Chemist: 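Supplied in structure tokens, the structure appears directly below.
Please read these numbers as outputs of a predicted model, since none were measured by experiment.
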Amino acid sequence: MDVAYSADGCGAAAVVYDLVKSEVVEEVVKTYPMIPAPYVPGFLFLREGPPLLDVVSSVRNRFDVLLVDGHGRAHPRRCGSATILGFVAGLPSIGVAKSLLVGSLQPSERYDRIVHDGEVVGLRRGPAYYSQGFGVSFNDVVRVSEVFGESYPEALRRADRLSRKALKKDG
DNA sequence: GCGACAG
DNA sequence: ATCTTGTCGC
């Protein structure tokens, strides 16, 4: 899932992806004529939460886990947008960010650990930073990240393109 | 007080 | 995130 913005509104997209067949199962995208809350580090959910919750409610197919653009546990208060989205929607979630919000990297075997205040709050693998959202264990995050290896999750790349394209056409 | 800061 | 021309590389 991802959100794109324009001066007068925003667009959210959800892409259901089959990792076994490596193919898109469903794509949902919606635009909203609303001005999102301003971006404040540590409070991303206030900005992207509303549109994401709406678009995820429109997904028809069943899925195992939600991949949210942003952090989960790798957050100042261990509660990023991925964590809240999963909790509110009542769905398992994992945060997948493109840069660090808090913590530092500690080299490990197959990935780098994200350490903050003395605890492992996530991991970096390839170009992405993964951390627990809601309803998943750290090992779940490790296993999911291994699926993507050194590349960025295709479903998220699609969601990014979709939400952006929807803004141009519609709003 | 100063710097850092997901999207 | 978004604003933007040319430019590097396959």
Side-chain angles (χ1 to χ4, degrees), chain A residues 1-15 28-56 65-89 91-106 111-136 138 140-142 144-145 148 150-171:
Chain A
M1 317 197 63
D2 194 19
V3 186
Y5 307 89
S6 66
D8 54 295
C10 60
V15 175
V28 179
V29 59
K30 299 181 66 178
T31 57
Y32 311 86
M34 61 162 278
I35 314 300
Y39 166 68
V40 179
F43 297 88
L44 183 60
F45 184 75
L46 294 181
R47 183 174 172 74
E48 310 204 326
L52 287 180
L53 283 171
D54 180 70
V55 76
V56 75
V65 64
L66 223 44
L67 296 185
V68 186
D69 201 9
H71 286 106
R73 190 172 183 213
H75 176 276
R77 298 173 294 285
R78 306 285 178 272
C79 195
S81 59
T83 310
I84 301 180
L85 181 64
F87 176 73
V88 176
L91 298 167
S93 65
I94 288 179
V96 183
K98 308 178 201 60
S99 63
L100 228 42
L101 172 60
V102 295
S104 55
L105 299 179
Q106 170 190 294
Y111 54 80
D112 287 351
R113 295 191 174 91
I114 299 176
V115 182
H116 183 235
D117 288 341
E119 52 182 314
V120 178
V121 297
L123 66 89
R124 180 200 71 73
R125 179 111 192 194
Y129 296 84
Y130 303 85
S131 64
Q132 298 169 64
F134 177 73
V136 301
F138 181 76
D140 287 334
V141 176
V142 172
V144 168
S145 72
F148 304 119
E150 302 302 292
S151 50
Y152 190 73
E154 182 60 22
L156 285 174
R157 196 170 310 191
R158 285 232 175 203
D160 181 78
R161 288 205 305 87
L162 254 186
S163 60
R164 200 172 312 191
K165 187 205 304 177
L167 275 186
K168 292 184 179 179
K169 299 181 63 177
D170 189 74

Chemist: Using a cut-off of strictly less than 4.0 Å, decide whether Tyr129(A) has a side-chain nitrogen or oxygen near OP1 or OP2 of dA6(B).
Modeler: no
Chemist: When you measure from the side chain of Arg164(A), which nucleotide among dG7(B), dA6(B), dA1(C) comes out closest?
Modeler: dA1(C)
Chemist: Hey, is Tyr5(A) doing a stacking thing with dA1(C), by the 5.5 Å centroid and 30° angle criteria?
Modeler: no
Chemist: To the nearest angstrom, how far is Leu52(A) atom CG from dA1(C) atom P?
Modeler: 13 Å
Chemist: From the options Leu53(A), Val96(A), Val55(A), select the one residue that forms a side chain to side chain contact (heavy atoms under 4.5 Å, CB included) with Met1(A).
Modeler: Val55(A)
Chemist: Nearest whole angstrom, please: distance from the P of dA4(B) to the CG of Leu101(A).
Modeler: 14 Å
Chemist: Quick one: label Gly42(A) by what it contacts on the DNA or RNA (base, sugar-phosphate, nothing), any heavy atom closer than 4.0 Å.
Modeler: base
Chemist: Apply the side chain to side chain contact (heavy atoms under 4.5 Å, CB included) test between Pro92(A) and each candidate in Val136(A), Asp140(A), Leu66(A); give the one that qualifies.
Modeler: Val136(A)
Chemist: Do NZ/NE/NH1/NH2 and the carboxylate oxygens of Lys98(A) and Asp69(A) come within less than 4.0 Å?
Modeler: yes
Chemist: OH of Tyr111(A) to OH of Tyr130(A): how many Å apart, nearest 0.5 Å?
Modeler: 13.0 Å
Chemist: Considering only dA1(C), dG7(B), dC5(B), which nucleotide approaches the side chain of Asp160(A) most closely?
Modeler: dA1(C)
Chemist: I need the CZ-P distance between Arg77(A) and dA6(B), as an integer number of Å.
Modeler: 13 Å
Chemist: Respond yes when some side-chain nitrogen or oxygen of Ser81(A) is under 4.0 Å from OP1 or OP2 of dG7(B), and no when none is.
Modeler: no
Chemist: Find the distance His116(A):NE2 to dA4(B):C1' and express it as a whole number of Å.
Modeler: 11 Å
